[in-house]
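Everything numeric in this text was worked out from a predicted model, so none of it was measured. Protein chains get the first letters and strands the later ones, always in sequence-line order, with residue 1 at the start of each. All heavy atoms count here, side chains included; hydrogens, waters and symmetry mates do not.
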Protein chains: 2
Amino acid sequence: MSSVVDDGDLTARAGIRNAALRLFAERGHDAVTVREIATAAGVSPALVVHHFGSKDGLRGAVDTHAIDAFDRVFAELDDHDVAEMLTGGEATTSVAEAFSRMLPPGSPLPAYLRRLLLTNDPAGAAIFGRWFGATRRLLDAMVTLGAARPSDDPDVRAAFLLVNDLAVILLRNQIATAIGDDPLTPAGLDRWARQASAIYLEGAFAAPPAEPPGSAPNTSNIPNEPPEEAPS
Amino acid sequence: MSSVVDDGDLTARAGIRNAALRLFAERGHDAVTVREIATAAGVSPALVVHHFGSKDGLRGAVDTHAIDAFDRVFAELDDHDVAEMLTGGEATTSVAEAFSRMLPPGSPLPAYLRRLLLTNDPAGAAIFGRWFGATRRLLDAMVTLGAARPSDDPDVRAAFLLVNDLAVILLRNQIATAIGDDPLTPAGLDRWARQASAIYLEGAFAAPPAEPPGSAPNTSNIPNEPPEEAPS
DNA sequence: CAATATACTAAACGCTTGTTCAGCAACCTT
DNA sequence: AAGGTTGCTGAACAAGCGTTTAGTATATTG
């Protein structure tokens, strides 16, 4: 329903910024030229620098615009998470879910977040730090409410959960081809959340002593590597 | 002990390739110039193209070189995992652990893998596909042996676990500043593996009905967002 | 209505880029 | 020792880059 992007803004300036956001997200800052951005926005290259001073200025404007949207997503996620937690619902609400809930399907923002986190620039570091703090606080609250097990290293556990969440966005394309569903669409997200919930609630691996000997029916093909060619 | 890189190779060609690998990993393919690579390798720019045909040819050579090393790491990891599983040890062996075990501390290979996976190029897609298949087969074997719980969506679960593992490499820097330890050093890796094992064995969240009502003491500051300024 | 500011463009400038070219040593051949 | 391949370089080239400049319409102001 509610979207974090308001594209009622149809000035040329906003058009340039949106075109740059999309191109930067798809191909990276360095691989995109000012002329390409101008063409995509339907203006002249000179207008780009007239509005933003330089290509780097445009990059900065796109950064703040995107980060603003990300923070709105995460704030909404935080509220949503706390609410679900208090009502005793599924506690596993993910960043990916918030993204697919609040962003239109073809939004370039997930890919831009990927660029932001990949390049070691301060904007990505700042947003990660803020999200880490929020995750840490949420987990603390869940522990005191009995909704999460206590941990002897809560910083690492918070980082672990946040990072697993972000990985869905970072590796979206690879995941999509591997499982046959885009994990940022409702269908893929549902499958993903099911497995995540199962693991976060009960774990994935069995404790070693609990193995029942003798009752191991073979399902199908077992582990041997297929013969990949291995050049020296 | 055993390293996957053999730098007994000190030809100028190998020197160029190593310098390019390091620079590409740190700053991305587009942001690095041929002249920079040549200077870093102590040769002239013309020698770079003499040996590799073009900058793109150099990129291809670096790609195959890196992918070769990655496959050796993953093959070793696979053996290691199966062995530990069969002896009943800790089943949670990670890609990150294999990296820190087999690569020298300052190796550019983790960062290069990050570029490969996040730039949508076919090399990254291929390596992810191969690793996904291996993870999937390993989990199947673990299930038949009783070392892992069965799953109703094994593809998604395998992708989930692989992706969580890769996230450590993708977000290494952000994790390091968040938890105060580089997760690819033995110290950070140990902390990380502890929390991962705990979650993968028992889960992180408590089942909802187990909540004891009335016993919820407040520890400190609870989840409200810090007052960030939000420009429209 | 004159004057000034704003939105915008075509053309060009200087610089950096990847790449080419001609030539120089050092090594094999035979 | 002559001839040729190999490893390597300095200098230059064309193309593409971000940016500047000069100028034109279209608003906005006094």
Side-chain angles (χ1 to χ4, degrees), chain A residues 6-66 108 112 115-116 119 121-123, chain B residues 6-66 108 112 115-116 119 121-123 231-232:
Chain A
D6 48 347
D7 280 357
D9 198 355
L10 37 68
T11 66
R13 198 189 136 95
I16 293 169
R17 201 201 42 213
N18 289 347
L21 171 64
R22 173 153 261 121
L23 287 170
F24 284 161
E26 282 170 6
R27 314 217 309 267
H29 297 102
D30 293 320
V32 177
T33 70
V34 171
R35 279 165 239 257
E36 282 176 314
I37 298 168
T39 303
V43 299
S44 74
L47 190 63
V48 174
V49 17
H50 173 248
H51 274 307
F52 297 95
S54 66
K55 185 186 181 182
D56 227 58
L58 171 58
R59 187 208 151 115
V62 170
D63 273 5
T64 56
H65 179 69
Y112 198 80
R115 299 280 170 194
L116 232 45
T119 63
D121 80 4
Chain B
D6 47 348
D7 280 357
D9 199 355
L10 35 69
T11 66
R13 197 187 138 94
I16 294 169
R17 183 173 37 70
N18 289 347
L21 171 64
R22 174 154 259 121
L23 287 169
F24 283 161
E26 281 171 6
R27 314 215 311 265
H29 296 103
D30 293 320
V32 177
T33 69
V34 172
R35 279 165 238 258
E36 283 176 314
I37 297 168
T39 302
V43 299
S44 75
L47 189 63
V48 174
V49 17
H50 173 249
H51 275 306
F52 297 96
S54 66
K55 185 187 180 181
D56 227 57
L58 171 58
R59 187 207 152 115
V62 170
D63 273 4
T64 55
H65 178 69
Y112 197 80
R115 300 277 170 197
L116 233 45
T119 50
D121 82 2
S232 76

Partner residues of [X] under the side chain to side chain contact (heavy atoms under 4.5 Å, CB included) criterion, sequence neighbours left out:
| X | result |
| --- | --- |
| B:Ala61 | B:Phe52 |
| A:Ser44 | A:Ala46, A:Leu47 |
| B:Thr33 | B:Arg35, B:Glu36 |

Separation of [X] atom [atom1] from [N] atom [atom2], in whole Å?
| X | N | atom1 | atom2 | result |
| --- | --- | --- | --- | --- |
| B:Phe52 | D:dC8 | CZ | P | 11 Å |
| B:Arg13 | D:dG7 | CZ | C1' | 13 Å |
| B:Arg59 | C:dG18 | CZ | C1' | 16 Å |
| B:His50 | D:dT5 | NE2 | P | 13 Å |
| A:Leu47 | C:dT9 | CG | P | 5 Å |

Sequence-distant partners of A:Asp121, side chain to side chain donor-acceptor pair (under 3.5 Å), two or more places apart: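 Residues passing side chain to side chain donor-acceptor pair (under 3.5 Å) with A:Asp121: A:Arg59.
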
Sidechain-backbone polar pair: B:Arg115 side chain, B:Glu26 backbone, donor-acceptor under 3.5 Å: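 Such a contact is found between B:Arg115 side chain and B:Glu26 backbone.
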
Under 4.0 angstrom between A:His51 side-chain N/O and C:dC8 OP1 or OP2: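 It does, given that an N or O in the side chain of A:His51 lies less than 4.0 Å from OP1 or OP2 of C:dC8.
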
Protein-to-nucleotide contact annotation, 5' to 3' order, nucleotides 15-21 of chain D [B base; S sugar-phosphate only; - none; under 4.0 Å, heavy atom]: --BBSB-

Of all pairs that satisfy ring-ring contact (aromatic ring centres under 6.0 Å, His included), the ones with a partner from residues 16-42 of chain A, not counting sequence neighbours: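 Residue pairs passing ring-ring contact (aromatic ring centres under 6.0 Å, His included), neighbours aside: A:Phe24-A:His29, A:His29-A:Tyr112.
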
